[in-house]
Amino acid sequence: MFIELTNITRWFGTQQALIDVTLALPPGRIGLLGPNGAGKSTLMKILLGLLPPSSGSGRVLDHDLASAGVALRRVIGYMPEADALVPGMQGAEYVALAGELYGMARKQALRRAHEVLAYLDLGEARYRKLEEYSTGMKQRLKLAQALVHDPPVLLLDEPTSGMDPAGREAMLDLLLKLGKEHGKSILLSTHLLGDVDKVCDAVVILHQGRILCQGPVQQLCQSRHDRYKLQIQGEPLGFLDDLRLEGVQIIHDNGRGDYRMRVPAGWTTHAFFKLAQVHNVVLRGLQADNEDLEELFHRVIEENRAQI
Amino acid sequence: MPNLLQYRAWQGTFHSEWWSVWPIARVALGTLVSRWLFRIVGVFSLKLFLMFFFGAYLLAWFETQASAPQLGNFADAGRMIRGIRRAMQILNGSQDTFQYFFAYQGAIVVVMLSLVGSLVVGNDFTHKSLVFYLAKPINRWQYLAGKGLAVFVVVQIMTTLPALVLFAQHAFDDWDYLLNIHYFTDTVDGKGPAGILLLFAILGYGTLLSVFLSIILVATASWARRTIPLIMVWLSLFFFMRILANLLVDGLRYDPRWRLIDLWNNLTMLGQGMLGFASDDIQPKFRPELWEASLVLFGVSALCLIYLNLRTRGVEIVR
């Protein structure tokens with residue numbers, strides 16, 4: 001198991017940052033989603049062994065969180081959200097320093113730093129001072145220092161923060177490649193749903209310190225069978241009125257015959273065809289409308305608010 | 001993003017986490033040395049050392065002149081030479097030499113550390129580099145040891161190392177200085193130890209200065225973070241407290257223990273003790289006991305370490 005947490009709670013004074021967090025995640029690319037202040041960074045620090053939980057227990061790659069701080073951090077590459085740069089250093093020196101801090105010999109660390117920087121397309125900039133790096137370059141540099149010792153696990157805190165669209169796409173492609181082709185387990189903490197959608201195959205949604213939902217993205221998004229996409233040809237008014245009378249909710253109408261609908265419980269797709277025939281409308285397309293990640297996220301947050 | 005190289009796995013062995021102390025110290029040292037303020041103060045330090053170094057030769061030259069026949073014609077030549085010699089006694093390689101040397105060099109070190117010391121640790125808080133270090137397989141004590149080691153090395157290079165050079169200079173001049181611990185007491189007006197005892201005293205005094213200044217710099221720099229606040233903190237600790245202690249003890253005739261608030265005085269008193277000064281010769285005259293000074297320095301160091309322990313917890317990283 002990649003991450004196993006049982007009833008993890010973390011207090012900061014009177015503020016409870018994490019509340020009974022229980023997780024069981026297999027190796028893979030996992031997105032940690034949540035709005036600002038949800039407790040993502042606190043959870044990351046606990047997984048790194050930097051912060052002890054106030055209560056609860058957990059393991060990351062079979063390392064106990066309570067006792068294996070140093071050993072645990074050796075198998076993890078952590079990319080912080082903050083710049084976390086050492087002013088005055090050159091890119092290659094910075095990444096090599098990270099390697100040395102992981103325990104690599106100086107020569108090996110330097111050689112590996114050059115390799116990783118070249119891989120991340122920072123080869124040209126490796127002798128530049130860190131203060132001269134652009135935001136996108138800094139993000140890649142932070143990834144380089146996390147990768148320098150070739151860890152099996154990457155914890156990435158907002159890796160695309162502040163990047164332009166092209167840089168962001170490139171970063172996400174890179175992360176996907178690292179996960180898919182090089183077998184890295186990735187925990188990607190972000191509030192950008194698109195990042196998770198592109199890179200991750202599982203998601204954990206955290207809100208106000210609680211885990212609201214966890215599991216494979218596809219499975220979570222397919223878990224709703226009450227919505228359909230329809231494409232119709234012909235005069236739709238009567239057809240739509242009858243659908244509404246039957247309790248169907250029209251969620252989206254693009255004005256060109258494409259509709260998204262939420263159907264009541266017990267609805268069968270046969271009813272669409274029956275009503276279409278009555279109103280002389282041609283059903284050109286009918287398919288289950290799976291919830292996308294954004295909708296899943298908002299639904300889960302809303303449901304949580306409603307419960308509170 | 002075009003890849004110039006494919007990602008390559010790395011296979012190798014990792015050193016123990018204590019190996020990471022040196023890279024941390026090396027980077028901190030590099031940061032210090034790269035500042036022009038460091039170099040300027042370093043030049044002053046070098047100049048002071050050279051004054052002591054060549055002053056010893058000047059003293060030796062005067063001594064040879066005392067017996068020179070042309071000076072013998074002057075009635076007061078002997079008295080004149082003795083007067084000069086007394087004035088230059090601090091250059092003869094005795095406990096006085098090293099007491100003055102450590103006091104002057106130490107003062108320069110304190111000025112330098114207050115000017116550039118914030119870069120050693122303060123930057124890690126200001127630029128959030130602390131998370132870069134602590135997210136690696138090291139614990140906070142190894143991080144602090146690395147930072148402290150950088151300051152230790154700087155203080156050693158500016159005090160103990162030149163003091164050892166001065167010691168070697170005198171040893172090369174007269175091997176008896178190195179071999180005979182009673183070298184000075186055997187002479188008419190000399191005092192204090194020589195030889196191996198003096199060598200250990202120099203190492204002890206240098207280590208005391210280095211360790212204490214390292215701890216207090218790392219603690220105050222992690223609190224003050226920036227240069228100006230750090231200068232103000234060090235001014236208070238090493239200058240205003242000294243004035244206050246002098247005012248209380250010498251001016252208002254308070255108990256000499258009030259001098260314990262002057263940390264620099266505590267350091268120099270202990271240094272004099274290490275250099276073998278007799279109890280009556282230790283300055284200042286109205287002063288607390290050496291053990292009391294040791295206790296205060298130990299207590300301040302312990303408080304600094306407790307503060308650093310709290311300051312570098314993970315909770316700081318989250319905020």
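Lettering of chains follows the sequences in order, A, B, ..., and the numbering in each one begins at 1.
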Turns out that what part of B/Trp10 lies under 4.5 Å from chain A's heavy atoms comes down to both
So, the part of B/Thr13 with a heavy atom under 4.5 Å from chain A: the answer is backbone
Is chain B contacted by the side chain of [X], its backbone, both, or neither, given a heavy-atom distance below 4.5 Å?
{"X": "A/Lys184", "value": "side chain"}
{"X": "A/Arg74", "value": "both"}
{"X": "A/Ala105", "value": "both"}
{"X": "A/Leu147", "value": "both"}
{"X": "A/Met89", "value": "side chain"}
{"X": "A/Tyr102", "value": "both"}
{"X": "A/Leu101", "value": "both"}
{"X": "A/Ala98", "value": "both"}

Check the surroundings of atom [atom1] in [X]: do more than 12 heavy atoms from other residues, nucleotides or ligands lie under 6.0 Å from it?
{"X": "A/Glu132", "atom1": "CD", "answer": "yes"}
{"X": "B/Trp141", "atom1": "CH2", "answer": "yes"}
{"X": "B/Trp264", "atom1": "CH2", "answer": "yes"}

Looking only at A/Pro87, A/Ala71, A/Ala82, most heavy-atom pairs under 4.5 Å shared with chain B are made by A/Pro87
Assert top hit (heavy-atom pairs under 4.5 Å, partner chain B, pool A/Met79, A/Met104, A/Met44) equals A/Met104
Discussion item. For the backbone of B/Ile138 and the side chain of A/Arg73, can you confirm whether one donor and one acceptor N or O come within less than 3.5 Å of each other?
Written reply: yes
Under 3.5 Å donor-acceptor, B/Ser129 side chain and A/Leu85 backbone | yes
**Asked** Side-chain contact, heavy-atom cut-off 4.5 Å: B/Arg26 with A/Arg106?
**Response** yes
Open item on the list: With a 4.5 Å cut-off on side-chain heavy atoms, are A/Val86 and B/Phe132 touching?
Closed with: yes
Heavy-atom closest pair (A/Lys45 atom, B/Val131 atom, distance to 0.1 Å) is CE-CG2, 4.3 Å
Nearest heavy-atom approach of B/Pro23 to A/Glu100 is CG-OE1, 3.5 Å
Measure the spacing between [atom1] of [X] and [atom2] of [Y] and express it to the nearest 0.5 Å.
{"X": "A/Tyr119", "Y": "B/Arg8", "atom1": "OH", "atom2": "CZ", "answer": "13.0 Å"}
{"X": "B/Tyr7", "Y": "A/Lys177", "atom1": "OH", "atom2": "NZ", "answer": "12.0 Å"}
{"X": "A/Leu97", "Y": "B/Ile24", "atom1": "CG", "atom2": "CD1", "answer": "7.5 Å"}
{"X": "B/Thr312", "Y": "A/Leu50", "atom1": "OG1", "atom2": "CG", "answer": "11.0 Å"}

Residues passing the side chain to side chain contact (heavy atoms under 4.5 Å, CB included) test with A/Thr9, sequence neighbours excluded, are A/Trp11, A/Gln16, A/Asp20, A/Ser55
Most contact-rich option vs chain A, by heavy-atom pairs under 4.5 angstrom, among B/Val27, B/Thr126, B/Leu119, is B/Val27
